[in-house]
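Input: a single structure, listed below in structure tokens.
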Number of protein chains: 2
Amino acid sequence: MSLDKRKIAILKAIISSYIDNAEAVGSRTISKKYELGVSPATIRNEMSDLEEMGFLIQPHTSSGRIPTDKAYRYYVDDLWKKVKKSKNPNLDKLKSIIEDKSSELDSIFRNSVRILSQITKYTSFVVAPQLKQSVIQRIQLVPVSEYTVLLLIILQSNIVKQVMLRLNSPIPSDQMERISVSLSEKMHGHKLGDLEKIKDSIIRELYITRESNNDALMDLLPYLMDQMTGLEEVNVFSDGITNILDLPEYNDIVKAREFISFVEDKHSMARLFQNAEDINSDLEISIGSENKTVELKDCSLITATYKLNGKLIGRIGVIGPTRMDYSNVIKTVKSISEAINEIINQNYNGEYKE
Amino acid sequence: MSLDKRKIAILKAIISSYIDNAEAVGSRTISKKYELGVSPATIRNEMSDLEEMGFLIQPHTSSGRIPTDKAYRYYVDDLWKKVKKSKNPNLDKLKSIIEDKSSELDSIFRNSVRILSQITKYTSFVVAPQLKQSVIQRIQLVPVSEYTVLLLIILQSNIVKQVMLRLNSPIPSDQMERISVSLSEKMHGHKLGDLEKIKDSIIRELYITRESNNDALMDLLPYLMDQMTGLEEVNVFSDGITNILDLPEYNDIVKAREFISFVEDKHSMARLFQNAEDINSDLEISIGSENKTVELKDCSLITATYKLNGKLIGRIGVIGPTRMDYSNVIKTVKSISEAINEIINQNYNGEYKE
DNA sequence: GTTAGCACTCTCAGTGCTTGAGTGCTAACC
DNA sequence: GGTTAGCACTCAAGCACTGAGAGTGCTAAC
């Protein structure tokens with residue numbers, strides 16, 4: 001038994017209908033709504049075949065049929081061929097919305113997820129830069145008050161991380177710059193994630209050099225290093241969580257609660273993309289049981305990467321039911337990730353020109 | 001008809017029982033669970049009186065009774081007398097949890113709402129500093145790369161706001177400091193919220209002075225001022241939103257959705273505390289219909305202020321059903337707000353000592 | 001190979017009945 | 001006069017039952 005043209009047409013019709021209505025699709029519905037030129041009885045025969053082939057299941061004997069994950073996979077692969085090369089006509093408009101007011105990374109991400117969930121009507125999220133891989137450019141201390149100093153870690157990607165330090169004793173203002181320079185020298189070129197490892201050796205080196213005369217620095221150092229190594233938190237933004245409450249599949253409070261808990265938990269979201277190997281492709285679609293996480297076995301995940309300097313640093317995407325409007329979501333995720341990529345590579349990666 | 005001792009005992013018993021079970025309370029239940037020494041029939045008579053006085057209502061003729069907002073108000077006022085002066089034995093423990101790892105404001109707030117919702121099992125939130133009232137201490141530009149500069153706005157409260165600026169042309173490094181000083185001179189002492197108003201006059205003044213020779217500054221200025229005035233966003237953190245899905249009153253998806261949408265919307269949350277006059281008291285309890293917002297007419301809100309320099313800058317609190325565990329929530333909100341106040345006044349307001 | 005017809009299945013919404021929790025009222029009690 | 005037992009009454013909630021409707025699979029005819 002093979003997937004001939006008519007079977008494909010019927011399968012697509014069933015998937016479309018189910019995506020629209022979330023109701024099991026019967027043969028009569030198909031023959032009425034989609035002009036296939038055959039009677040319900042014929043469609044019934046084909047549907048029976050499709051079920052045997054694993055593309056459809058029947059919730060109960062006398063009901064219509066619903067697509068399986070395998071069917072969605074087929075549908076999406078087919079769709080992808082068409083969308084793959086399509087140009088994005090609204091790129092500039094999207095960019096200006098995303099970059100509205102501020103080109104701060106956080107603001108870019110927040111705007112992106114907002115617009116993504118507005119367009120798709122599903123839940124969207126960004127797993128923001130895992131800065132562990134980022135290389136330190138230099139360190140700058142900025143005095144704030146007598147007993148507080150702002151520590152800026154300027155990364156080579158032009159991202160700036162900040163930590164507020166509390167001092168036990170004031171640092172003379174003439175030493176502030178010297179300390180910044182010393183720290184920069186020691187840390188320049190190291191990855192943020194490696195700080196933990198090289199912490200002790202940096203402290204040792206500074207002890208040996210003339211810097212050990214610098215009391216203020218030596219006092220501050222262990223505390224400062226501690227604060228810096230505690231920076232690797234993953235940032236997750238999400239939006240449109242309530243959108244799923246409009247979907248009939250989440251009429252069940254228990255299911256809704258599970259979903260929301262999962263999405264709201266940064267750690268579970270971050271874990272989705274922990275194994276960097278799996279997520280190399282720019283656009284990744286994971287349908288139902290293809291998800292490794294049990295909690296998402298009824299969901300589909302469409303995510304895209306964003307890169308800086310060609311290096312993958314995070315993912316943006318949409319979570320929805322397996323019955324999602326793949327066509328729209330794929331296009332939207334693709335467009336928005338393209339927009340983000342252009343924005344951050346303009347702003348954080350060298351010669352920006354108006 | 002007056003609230004004699006027995007009526008009060010019965011009323012409290014009914015409220016307790018309803019807080020625990022969310023089920024209309026009958027006379028038999030009261031006489032069995034709470035030892036009042038009278039028969040159900042007597043309790044029935046008293047309940048009938050309490051209903052007439054507006055403390056109870058009956059959802060339908062043959063059901064038990066549930067407390068009205070008026071009853072909760074009485075209950076809470078009574079409770080407050082006892083809690084008011086109580087000391088908080090866990091203050092130091094709370095402080096260390098809240099200040100875990102970082103004393104960054106954002107991190108303090110995030111930790112606070114997390115622990116607040118964990119303890120209370122309701123939804124908690126912080127409406128973070130409205131910086132409009134904050135006074136600018138000085139301005140500092142920090143070079144990040146050839147075409148990017150980080151603008152730091154250091155406020156007198158030791159809070160630092162940052163904006164990333166993109167340059168059309170590089171600023172010579174010897175001018176960077178001079179620009180910082182000029183800007184600081186002009187803006188020192190002004191409120192962040194007033195920038196919009198004084199923007200033009202600052203630009204004019206700088207034109208008149210020798211600074212107008214400083215091309216880099218004059219190029220940058222309008223863009224910089226625009227970015228600074230766009231900073232007044234309100235920050236809202238929340239946690240434990242899913243907790244409400246465990247409550248029977250939110251078994252209804254529509255109600256749950258309304259609630260979550262409201263809490264997730266920063267603007268609606270911020271609006272709760274817009275009228276500064278209303279919220280002077282350190283601990284504010286707003287029950288059901290006492291809330292001005294229609295969306296919260298079935299909710300109670302328990303919030304506390306946090307202050308810097310004696311000046312109110314934000315609120316932290318809990319939203320839950322009117323049937324909430326007031327005793328626990330009031331104590332917890334009180335403790336946590338005390339902890340926050342101590343932390344931020346140590347860190348952001350002068351002489352910190354270990 | 002396609003289709004009309006028919007028997008069959010299963011869900012869903014509506015109906016009526018029963019049960020139980022709770023009330024209000026009355027009359028008796030202390 | 002306050003308290004209580006007793007009783008009739010009310011209403012929601014759960015349960016069984018029913019009929020309608022949507023859908024299928026099979027068979028026989030086209």
Side-chain angles (χ1 to χ4, degrees), chain A residues 1-11 13-18 20-68 248-249 251-252, chain B residues 1-11 13-18 20-68 248-249 251-252:
Chain A
M1 201 155 29
S2 75
L3 257 191
D4 58 38
K5 231 170 167 178
R6 193 170 66 188
K7 280 200 176 59
I8 293 174
I10 291 174
L11 182 58
I14 292 172
I15 294 175
S16 289
S17 170
Y18 189 68
D20 287 348
N21 308 313
E23 271 167 23
V25 189
S27 54
R28 246 175 78 86
T29 317
I30 295 295
S31 92
K32 257 197 275 179
K33 281 208 301 187
Y34 305 82
E35 287 166 15
L36 297 170
V38 285
S39 77
T42 309
I43 294 174
R44 273 206 291 285
N45 291 329
E46 297 285 38
M47 281 166 90
S48 176
D49 289 352
L50 285 167
E51 182 168 2
E52 215 175 306
M53 294 164 79
F55 289 108
L56 299 175
I57 50 165
Q58 247 179 325
H60 55 264
T61 336
S62 72
S63 81
R65 286 171 168 98
I66 62 179
T68 60
E249 32 269 90
N251 265 345
D252 178 14
Chain B
M1 200 158 25
S2 75
L3 258 192
D4 58 37
K5 231 171 168 179
R6 193 169 68 187
K7 280 200 177 57
I8 292 173
I10 291 175
L11 182 58
I14 292 172
I15 294 175
S16 289
S17 170
Y18 190 68
D20 287 348
N21 308 313
E23 270 167 23
V25 189
S27 55
R28 247 176 76 85
T29 316
I30 296 294
S31 91
K32 258 197 276 179
K33 281 209 300 188
Y34 305 82
E35 287 165 15
L36 298 170
V38 284
S39 77
T42 309
I43 295 174
R44 273 206 291 284
N45 291 331
E46 298 284 38
M47 282 165 90
S48 177
D49 289 353
L50 285 167
E51 181 168 3
E52 216 176 303
M53 295 163 80
F55 289 108
L56 299 176
I57 49 164
Q58 248 180 324
H60 55 264
T61 335
S62 71
S63 81
R65 288 175 167 94
I66 62 179
T68 61
E249 32 269 270
N251 264 344
D252 178 13

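Each chain gets a letter, A, B and so on, in the order its sequence line appears, and its residues count up from 1. Just the heavy atoms: all of them, side chains too, but no hydrogens, waters or symmetry mates, feed the values below.
For DNA chain C, the residues of residues 53-66 of chain B within the heavy-atom distance limit of 4.0 Å (strictly under) are B:Q58, B:T61, B:S62, B:S63, B:G64, B:R65, sorted by number.
Between B:L56 and B:M47, the shortest heavy-atom distance links the atoms CD1-O, 4.0 Å. Heavy atoms only, all atoms of each residue included: B:P40 and B:S27 are closest at O-CB, 3.5 Å. Taking all atoms of both residues into account, the shortest heavy-atom contact from B:I66 to B:P59 is CD1-CG, 4.3 Å. Of all heavy-atom pairs spanning B:G64 and B:Q58, the tightest one is O-CG, 3.6 Å.
Here D:dT3 presents its P atom at 17 Å from CD1 of B:I30, a figure rounded to the nearest Å. Between the CG atom of A:D4 and the P atom of C:dG1 there is a distance of 11 Å, given to the nearest Å. Nucleotide D:dT4 holds its P atom 9 Å from the CD1 atom of B:I43, rounded to whole Å. If you take CE of A:M47 and C1' of D:dA22, they are 12 Å apart, rounded to a whole angstrom. Taking atom CD1 on A:I10 and atom C1' on C:dG1, their separation rounds to 13 Å, with Å as the unit. As a whole-Å value, the separation of A:E46 CD from C:dT3 P is 11 Å. If you take CD of A:E23 and P of D:dG21, they are 16 Å apart, rounded to a whole angstrom. Rounded to an integer number of Å, the gap from CG of A:N21 to C1' of D:dA22 is 15 Å.
Ranking D:dT24, C:dT3, D:dA5 by closeness to the B:A41 side chain, first place goes to D:dA5. Here the side chain of B:N45 is nearest to one of D:dT4, D:dT3, C:dT23, namely D:dT4. Nearest nucleotide to the B:S39 side chain, out of C:dG22, D:dT24, D:dA5: D:dA5.
Between B:R44 and D:dC7, a side-chain N or O to OP1/OP2 separation shorter than 4.0 Å is absent. Residue A:T42 has no polar side-chain atom (N or O) positioned under 4.0 Å from OP1 or OP2 of C:dT2.
Within the shown strands, C:dC30 is the pairing partner of D:dG1 under the Watson-Crick or G-U definition, both distances less than 3.5 Å. Using Watson-Crick or G-U wobble geometry with both donor-acceptor distances under 3.5 Å, D:dA28 finds its partner in C:dT3.
In this structure, B:S63 OG and B:I57 CD1 are separated by 9.0 Å, a value rounded to the nearest 0.5 Å.
Using modelled atom types, one side-chain atom of B:D4 and one backbone atom of B:R6 make a donor-acceptor pair closer than 3.5 Å. Panel note: side chain B:S17, backbone B:V25; no donor-acceptor pair is recorded below 3.5 Å.
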